[in-house]
2 protein chains.
Amino acid sequence: MAATETLTAERILEATEEVLRRHGPAKATVVDVARALGVSHGSVYRHFRTKAALREAVTKRWLDRTSERLAVIAGEETPVEVRLRDWLAALFEAKRHKAGDDPELFATYSVLAEESGATVGEHITDLTAQLARIIEDGAESGTFRAADPAAEARAVFQATARFHDPCYAREWQQPGIEEDFKVIVDLLIRGLGAPVRP
Amino acid sequence: MAATETLTAERILEATEEVLRRHGPAKATVVDVARALGVSHGSVYRHFRTKAALREAVTKRWLDRTSERLAVIAGEETPVEVRLRDWLAALFEAKRHKAGDDPELFATYSVLAEESGATVGEHITDLTAQLARIIEDGAESGTFRAADPAAEARAVFQATARFHDPCYAREWQQPGIEEDFKVIVDLLIRGLGAPVRP
DNA sequence: CAGCTGACAGATATTGAATTCTGTCAGTCC
DNA sequence: GGACTGACAGAATTCAATATCTGTCAGCTG
């Protein structure tokens, strides 16, 4: 399809996503990607030095989509304790939705993420920075008494790992998980120094 | 060794641990265990209905050893916020020590735990009950204002997963993990209603 | 006769030969 | 001459034959 257009990194990434969706992470080959694009696999290597680099780029695209959506929430003007809660809920909801909607594709991306340690690390740094911004805002407005927003952001992120780390994906569909989420987030927000919600 | 003694479940469990240590979870067979004991593998099946049951029993023994050690701390008479901190630190230290000391054996037991969902579930229920007791004590003494100690115990356990869940084992040796632990535990203890430590 | 053995059927794992894949590059085609 | 092809070497993966393991049970043994 559309073999007439010039071959770009973007088009290769799209084709790679499609091949991964179809074949899964174990069986998706560079030859498959080239075939889907109607080119020889040598051409793919002109844009990505290795198969690992190609997979890493696909992973980055996928992670960035979530980062961008969360950045919107982090930038809102709502009260910080509401904003923090919304942000964490949005992260949880995004992950749970992806995992529940198409478990196979989610498993595929989980494998990719496992491979691409550095890329995932950057993604986590990014998300933690968003959290730190919210906590800083809270410190300025007097809602939180944050001694070290960056450290507390990391703590909040890690303490809620159960609701965003793929290794817990199977638990996201269980009943009662919403309550678990609420109790942990309440504890953390109170720990940051905010008054308890009614 | 000691092939003259009668064959008991206990002796089989010991031999199984040894075989697992030697061969790893993938290659440890019932025949190996029987050979180590100097009996036929049919005899092993007299005490454990299946290989899975045998592995589950080994896993339970291993988990129970940790539970027992932690129960001692949970039962101490120290101030609750100190006791809670000590308990969580002991859990972290126990896991980290096992993982760092003999990574291969730890990986073996992680695989076993993965297989034995029910047994691990009971172990977690047990640990959470210990935590709940500490939080209840804190509520009685007025240090914590616990609305629902059982729920909060689960929350504290899950929020500190990074420091006891085997899926994070590789991070336990990294520098800075101690600080991460402290920030999360501080946040949780403050969230439970305790005053901040100096 | 209670506890154990060892042969057995079906399921699972191992092995090595044959295939497919990755990454390169000299050469082709606009 | 810059983008692309396709043949190639070595690495990684299949696949099927082969071996091992699990779980059972009739019969042995002390």
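Numbers restart at 1 for each chain; the letters A, B, ... are given by sequence-line order, proteins then strands.
If you run salt bridge (Lys or Arg N to Asp or Glu O under 4.0 Å) between B:E17 and each of B:R22, B:R55, B:R11, B:R61, only B:R61 comes through.
Listed candidates were D:dC4, C:dC4, C:dG23. Nearest to the side chain of A:R46 is D:dC4. Considering only side-chain atoms of A:T50, the nucleotide from D:dT22, C:dC21, C:dG23 that sits closest is C:dG23.
Nearer to the 5' terminus of DNA chain D, by closest-nucleotide assignment, is the contact made by A:G42 (compared with the other of A:G42 and B:A52). Mapped onto DNA chain C by nearest heavy atom, A:A28 and B:K27 fall at different nucleotides, with B:K27 at the one closer to the 5' end.
Contact check, A:S43 against D:dC4: no side-chain N or O comes under 4.0 Å of OP1 or OP2.
A 4.5 Å side-chain heavy-atom check between B:R96 and B:I177 finds at least one atom pair inside the cut-off.
The distance between atom OH of A:Y45 and atom P of D:dA9, rounded to the nearest whole Å, is 17 Å. Across the protein-nucleic acid pair, A:I12 atom CD1 and D:dA3 atom P stand 12 Å apart, rounded to whole Å.
Judged by distance alone, the side chains of A:S67 and A:D64 never bring a donor and an acceptor atom under 3.5 Å apart.
In this structure, A:Y168 and B:Y168 have tilted ring planes: the angle between them lies in the 30° to 60° band.
Within 3.5 Å, a donor on the side chain of A:H41 pairs with an acceptor on the base of C:dG23, or the reverse.
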